[in-house]
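First comes the structure, then the notes that go with it.
In what follows, residues are counted from 1 in the order of the sequence shown. Model, not experiment: these values are computed from the prediction.
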Amino acid sequence: MVSSGRASFRVAAVSLPLIFMGFHPASSQDAKSSKSQWIITLGGSIEYGPSFEGSKHLSFSGMPSFDFRRLGEAPEYSAPDDNIDYGLFKIGGVEIGPVVGLRGGRSAFDDSELQGLHPVQWNLDAGVFAQYWPIEDRLRVRAETRQALWGGDGLLADLYLDWFQPVGDRWLLSAGPRLSLANGTYIRNNFAVSAEEAANSGRVEAFDANGGLKSIGFTVAATYTLSPAWSVQIYDKYSRLVGDAADSPITSRLGSADQNVIGITLNRSFQIGF
């Protein structure tokens, strides 16, 4: 089974075409249930949050989302900060598979006070996810470990705990805490300041950063099903940077340890056959 996911990255708002050759709405009356039939869900989100990790300045950004499952399979609940995954197998009720995501970057374009500091390039990461439902379709425990694929941007490990609560026939509410860890490569790339950079900047002092606990937070979401083909979700993702990520002058002098993102997503489902 494929769980719906979302690659959280900063890009220009994406416009997704709604009509493709061979695509039909998931609610089509003549839909045939077979192994060659799939439900494809495409979505687009608009978010308002920090311009980069540790920033105090807020800006708008856009994100696409994607999900697919076999016709007849129930859609699996997911949170707005899940990355794109594919469940390959289960061991003792634990679903395991690959996961991919995108990381945002930063430059002096995002904040003029970053002049003199090294930029952080956006990056693609990939790794493994595992999730388990202690209470089916209600309580979920999830973990993701993802390594940057280029640029030496380091390793991230994110832990999720979510409660999903249907309300009536159309609403689904979810909420749960978050914990994120990062290795030294990631923390140094995003939060360290060399002596040369400090001299060039004139705004911050040199700072050596090490890996460990990066942030703690909480995510809430509400999804409303408009029709079998359309749904809309609103969400809030709050995290508090801790450890060296919070102590870095990039955060403590130029930015903020409090990171909050609000967003809205519109999803459209189609049926496709191969």
*With a 4.5 Å limit on heavy-atom distance, are the side chains of Arg178 and Asp158 in contact?*
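SC-SC contact between Arg178 and Asp158 ruled out.
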
*Does the side chain of Val204 reach to within under 4.5 Å of the side chain of Ile250, using non-hydrogen atoms?*
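Result no, sub-4.5 Å side-chain heavy-atom pair not found.
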
_For Phe164 and Trp133, I'd like to know if the aromatic rings sit close, meaning centre-to-centre distance below 6.0 Å._
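Ring centres of Trp133 and Phe164 closer than 6.0 Å.
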
*Is the NZ or CZ atom of Arg268 positioned over Phe270's six-membered ring, under 6.0 angstrom from the centre and within 45° of the axis?*
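Output yes; distance and angle both within limits.
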
*For Glu205, does the CD atom sit with more than 12 other heavy atoms under 6.0 Å from it, leaving out its own atoms?*
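Counting neighbours around CD of Glu205, more than 12 heavy atoms of other residues, nucleotides or ligands fall under 6.0 Å, so yes.
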
*asked:* If you count heavy atoms of other groups shown closer than 6.0 angstrom to CG of Leu155, is the number above 12?
replied: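 For Leu155, atom CG is crowded (more than 12 foreign heavy atoms under 6.0 Å).
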
Backbone of [Y] reached by a side-chain donor or acceptor of [X] within 3.5 Å:
X      : Y      : answer
Glu197 : Ser194 : yes
Thr185 : Gly154 : no
Thr225 : Ser227 : no
Arg106 : Val120 : no
Asp110 : Ser107 : yes
Asn123 : Trp150 : yes

Less than 3.5 Å apart, any donor N or O on the side chain of [X] or [Y] sitting next to an acceptor on the other?
X      : Y      : value
Thr223 : Ser231 : no
Glu53  : Gln259 : no
Ser45  : Thr265 : yes

State whether [X] and [Y] are salt-bridged, where the test is any N-O pair (Lys NZ or Arg NE/NH1/NH2 against Asp/Glu carboxylate O) under 4.0 Å.
X      : Y      : answer
Arg138 : Asp162 : no
Glu113 : Arg253 : no
Glu47  : Lys237 : yes
Arg142 : Glu144 : yes
Arg146 : Asp153 : no

*Evaluate the side chain to side chain contact (heavy atoms under 4.5 Å, CB included) criterion for residues Tyr160 and Asp81: first the C-alpha distance (whole Å), next the side-chain angles of each, then the deciding distance (0.1 Å), finally the verdict.*
CA-CA 9 Å; Tyr160 309 68; Asp81 47 357; 3.7 Å; yes

*Could you give the distance from CZ (Arg240) to CG (Asp258), rounded to the nearest 0.5 Å?*
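Interatomic distance, Arg240 CZ to Asp258 CG, rounded to 0.5 Å: 4.5 Å.
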
*Of Leu241, Leu213, Leu156, which meets side chain to side chain contact (heavy atoms under 4.5 Å, CB included) against Ser180?*
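Option passing the side chain to side chain contact (heavy atoms under 4.5 Å, CB included) with Ser180: Leu156.
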
*Go through the structure and list residues passing side chain to side chain donor-acceptor pair (under 3.5 Å) with Asp236, not counting sequence neighbours.*
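With neighbours one apart ignored, the set is Asn260.
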
*asked:* Who clusters with Phe109? Use side-chain heavy atoms, under 4.5 angstrom, across I, L, V, M, F, W and Y, and order the result by chain and number.
replied: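 Members other than Phe109 - counting any ILVMFWY side chain reachable under 4.5 Å - there are none.
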
